[in-house]
Peer 1: 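Below are the structure tokens for one structure; questions will follow.
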Amino acid sequence: MKTSQILISTLREAPADAEIASHQLMLRAGMVRQLASGIYTWLPLGLRVLRKVENIVREEMDRAGAQEIMMSAIQPAELWQESGRWDHYGPELLRISDRHNREFCFGPTHEEIITDLVRREIRSYKQLPANFYQIQTKFRDEVRPRFGIMRAREFLMKDAYSFHLNDESLQETYEQMFQTYSNIFTRVGLNFRAVIADSGNIGGNKSHEFHVLADSGEDLIVFSDHGNYAANMEQAVAVKPEQARPDAIKSMETVATPDQHSIEKVSQFLNVGTDQCLKTLIVKSEEDGLVALVLRGDHELNEIKAEKLDGVMSPLTFADDIEIKSSIGCGVGSIGPIGLSIPIYVDHSAANVSDFVCGANSDGQHLTGVNWERDLPLPTTVDIRNVCAGDMAEDGSGKLEFARGIEVGHIFQLGTKYSASMKANCLDEQGKAVTLTMGCYGIGVSRVIAAAIEQNNDDKGIIWPTAIAPFQLALVPINMHKSVRLREAVMKFYDELKAAGIDVILDDRKERPGVMFADMELIGIPHRFVFSEKGLDAGEIEYKARTDTDNQNISLDTAIQFLKDRLS
RNA sequence: CGGGGUGUAGCUCAGUCUGGUAGAGCGCCACGUUCGGGACGUGGAGGUCGUAGGUUCAAAUCCUGUCUCCCCGACCA
């Protein structure tokens with residue numbers, strides 16, 4: 001390909017509304033253009049990258065025995081009503097109606113469609129297990145799209161759905177997909193980590209997310225400093241303290257704490273550590289009542305864990321001041337677990353504190369020297385806090401560290417959530433109808449590209465991993481328009497490169513060298529040959545990798561082999 | 001959905017407070033001089049100032065409505 005044949009639309013300055021590196025660079029390098037909030041046009045260069053990622057995904061999915069299909073982007077409401085998600089998915093589902101006023105949606109995901117297909121087509125256990133995938137445009141009407149294609153409303157996704165007779169078979173395919181995802185992200189050239197995850201809105205049991213590690217990542221992930229344990233913050237288990245609760249020493253006293261409503265203020269006022277104070281949060285229950293959650297003062301509530309507790313309203317909803325005042329009789333800053341007439345859950349760590357400080361359920365008063373099982377009974381203890389750096393990993397393999405990640409893949413064991421509600425059955429060996437067990441596996445194909453840039457860029461622009469670069473090699477001639485001799489040599493070399501199967505872009509624009517260098521670096525081409533008349537005389541060509549600081553001269557005769565070695 | 005911004009040329013922005021016939025840099029086109037790290041000169045093209053209405057002799061500028069886009073939060077693969 002020559003630059004004269006492809007739209008090179010680079011910008012010197014980043015558009016003002018782009019914040020993060022990948023968004024700015026994709027705009028500056030002419031990969032995408034925004035059409036509306038969260039909706040983008042892919043320009044030729046960007047599309048080449050997208051196709052390369054797509055092809056890696058396709059090859060690895062095919063290798064794993066998955067079958068590619070293509071489902072419609074537009075989906076009829078009936079199937080969503082059947083699964084129950086028409087009412088539950090919310091405004092993120094873009095609903096539309098046709099000329100007959102029949103309701104449809106633009107698919108944000110395809111569980112309903114594939115389940116409908118499979119229940120019609122698959123009759124016998126002999127056809128199982130089966131794994132179907134597609135690479136296709138999804139639409140999710142995000143509340144707040146941001147960061148360019150990182151969190152777009154319309155985006156390209158690879159989604160796969162597997163069907164099984166039993167959990168063992170699902171487990172087998174799940175593990176195979178886990179390996180396939182690892183292969184894909186390794187081939188793309190990303191530094192990634194698989195983490196234990198919450199299964200969220202899609203539903204189901206076991207689930208892993210694949211995160212590309214980058215400081216700009218939206219997700220907080222935790223991992224063991226020794227060993228393999230890694231989890232999403234939402235999901236990371238805070239292990240029970242190992243040592244027993246210390247013996248009670250102090251006696252319980254009521255102290256006046258006027259206007260001290262936060263843990264920080266109370267701890268300073270009474271001169272005790274925040275880890276000696278317990279905070280009591282009041283949330284709504286499923287039956288229109290209230291539930292108390294008790295945590296150590298230095299810990300944060302994990303809302304995902306809390307809303308899974310029996311009796312707690314999901315999504316988690318905090319009680320407002322009025323409800324608290326009328327039910328407990330004091331303000332938010334003075335609540336404590338003693339004498340509460342509502343259900344109480346205590347975090348494991350909070351249950352392990354003795355001689356603690358807590359609210360007295362009376363404005364302006366706190367209790368000190370309080371002890372479980374002496375001053376009040378110890379209610380059910382649970383894990384409802386976020387883990388902290390330095391906590392022991394759940395598997396005991398080491399201490400937890402934090403990192404930021406960009407979620408590029410997610411695999412779930414769905415179980416029978418969709419197959420049961422949509423009656424997807426098949427006959428087993430005994431001729432008995434069995435509800436199919438499902439798994440589903442997603443990759444944000446377009447997001448992978450943003451993540452790759454976040455992880456690989458410098459002040460000059462993008463540095464593509466070779467596997468997904470729009471071109472592997474930039475061939476930059478110096479003043480080719482002034483020398484027929486050079487032009488002929490460059491064209492011959494260009495043809496040889498193409499014949500050798502190298503994905504090369506020849507910059508045949510009549511530009512000064514600095515402009516061509518700057519553009520090729522901004523666009524992120526990982527390898528560069530510079531061809532000049534001087535080099536032609538010496539029988540040499542100049543090579544520089546995008547990440548190199550210096551050039552090196554290579555004999556023209558061996559240049560192609562030299563590059564091939566670099567690419568392998 | 002709450003809070004805060006924003007909208008003037010392809011991009012970055014000035015002009016708005018204090019109303020008086022639309023500006024700069026970069027980019028683009030032509031010609032010339034240049035030619036190994038985003039050259040220089042001369043000339044040129046390009047904007048119903050988001051949009052609708054109002055005030056005024058006169059509106060990018062003041063007033064009202066509305067839309068867009070961005071940021072923070074809540075939410076979310």
Side-chain angles (χ1 to χ4, degrees), chain A residues 7-20 23-24 27-28 30 33-39 88-93 107-111 138-148 150-153 155-159 197-204 207-211 218-219 232 234 303-304 307 314-318 405-412 440-448 451 459-461 476-483 486 507 509-523 528 530-535 542 544 549 551 553:
Chain A
L7 180 65
I8 305 286
S9 205
T10 54
L11 301 172
R12 272 209 189 183
E13 289 170 290
D17 50 13
E19 289 284 311
I20 63 170
H23 189 195
Q24 292 183 349
L27 291 169
R28 284 192 56 208
R33 289 290 180 256
Q34 186 178 44
L35 182 62
S37 180
I39 300 179
H88 289 122
Y89 209 91
E92 213 173 274
L93 185 63
T109 175
H110 281 70
E111 280 83 5
K138 297 277 186 280
F139 194 96
R140 295 183 188 176
D141 199 357
E142 290 280 345
V143 187
R144 187 149 90 84
R146 56 184 141 177
F147 305 145
M150 183 81 81
R151 180 169 294 278
R153 291 195 292 175
F155 60 101
L156 192 67
M157 183 175 184
K158 186 284 300 176
D159 47 325
D198 181 59
S199 48
N201 205 8
I202 305 281
S207 144
H208 283 87
E209 290 171 352
F210 288 77
H211 283 264
E218 288 187 273
D219 294 302
N232 193 302
E234 294 168 349
E303 301 194 10
I304 303 286
E307 71 188 19
S314 177
L316 193 77
T317 311
F318 283 96
I406 300 164
E407 184 189 344
V408 289
H410 202 159
I411 59 179
F412 303 85
C440 81
Y441 319 92
I443 290 180
V445 176
S446 43
R447 183 183 281 182
V448 163
D459 56 344
K460 290 178 179 145
V476 179
I478 306 290
N479 293 324
M480 183 169 70
H481 58 281
K482 286 175 68 176
S483 164
L486 179 63
D507 200 340
R509 293 177 298 176
K510 198 178 161 184
E511 288 287 357
R512 298 159 61 87
V515 173
M516 294 195 275
F517 293 155
D519 272 348
M520 292 302 126
E521 279 162 347
L522 173 59
I523 290 166
R528 184 181 82 190
V530 176
F531 208 153
S532 68
E533 201 154 36
K534 200 169 58 190
E542 198 177 285
K544 182 178 171 301
T549 44
N551 299 314
N553 289 322

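Residue numbering restarts at 1 for every chain, and letters A, B, ... go by the order of the sequence lines.
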Peer 1: Round to a whole Å and report the spacing from CD of Glu19(A) to P of U12(B).
Peer 2: 13 Å
Peer 1: Give none if C28(B) has no partner; otherwise give the nucleotide forming a Watson-Crick or G-U wobble pair with it, both distances under 3.5 Å.
Peer 2: G44(B)
Peer 1: Look at the side-chain N and O atoms of Ser37(A) and state whether any lies under 4.0 Å from the OP1 or OP2 oxygen of U68(B).
Peer 2: no
Peer 1: Send over the distance from Glu142(A) CD to A74(B) C1', rounded to a whole Å.
Peer 2: 13 Å
Peer 1: Would you kindly give the CD-to-P distance between Glu521(A) and G37(B), to the nearest whole Å?
Peer 2: 12 Å
Peer 1: Phosphate oxygens OP1/OP2 of A39(B): is one of them under 4.0 Å from a side-chain N or O of Arg512(A)?
Peer 2: yes
Peer 1: Starting at CD1 of Ile39(A) and ending at C1' of C70(B), how long is that distance when rounded to a whole Å?
Peer 2: 16 Å
Peer 1: Taking 4.0 Å as the cut-off, does a side-chain nitrogen or oxygen of Arg144(A) come that near to OP1 or OP2 on C71(B)?
Peer 2: yes
Peer 1: Taking all non-hydrogen atoms of both residues into account, name the closest pair between Arg33(A) and Leu27(A) and its distance.
Peer 2: NH1-O, 2.7 Å
Peer 1: Using a 4.0 Å heavy-atom cut-off across all strands, classify Ala18(A) as base, sugar-phosphate, or nothing.
Peer 2: nothing
Peer 1: Taking the nucleotide of RNA chain B with the closest heavy atom to each, which residue, Pro15(A) or His481(A), is nearer the 5' end?
Peer 2: Pro15(A)
Peer 1: Within this structure, what is the CZ-to-P distance between Arg33(A) and G10(B), rounded to whole angstrom?
Peer 2: 13 Å
Peer 1: Does the structure show a Watson-Crick or G-U wobble partner for U33(B), both distances under 3.5 Å? Name it, or say none.
Peer 2: A39(B)
Peer 1: Round to the nearest Å and state the distance from Asn232(A) atom CG to C76(B) atom C1'.
Peer 2: 12 Å
Peer 1: I need the single residue from Arg512(A), Arg509(A), Arg528(A) that forms a salt bridge (Lys or Arg N to Asp or Glu O under 4.0 Å) with Asp519(A). Which is it?
Peer 2: Arg509(A)
Peer 1: Please report, rounded to the nearest Å, how far the P atom of C71(B) is from the CZ atom of Phe147(A).
Peer 2: 7 Å
Peer 1: Please tell me if Gln34(A) has a side-chain N or O lying less than 4.0 Å from either OP1 or OP2 of U68(B).
Peer 2: no
Peer 1: What I want to find out is whether Arg146(A) reaches Glu19(A) closely enough, with some N-O distance under 4.0 Å, to be called a salt bridge.
Peer 2: no
Peer 1: Please give the nucleotide sitting opposite A52(B) as a Watson-Crick or G-U wobble pair, both distances under 3.5 Å, or none.
Peer 2: U64(B)
Peer 1: Compute the centroid of each ring, for His410(A) and then for Phe412(A), and state whether the two points are separated by less than 6.0 Å.
Peer 2: yes
Peer 1: Would you kindly give the CD-to-P distance between Glu511(A) and C29(B), to the nearest whole Å?
Peer 2: 9 Å
Peer 1: Would you mind checking if Arg28(A) and Glu13(A) are paired as a salt bridge, meaning a charged N to carboxylate O distance below 4.0 Å?
Peer 2: no
Peer 1: Taking N and O atoms by type only, does the side chain of Arg146(A) place a donor or acceptor under 3.5 Å from a partner on the base of C70(B)?
Peer 2: no
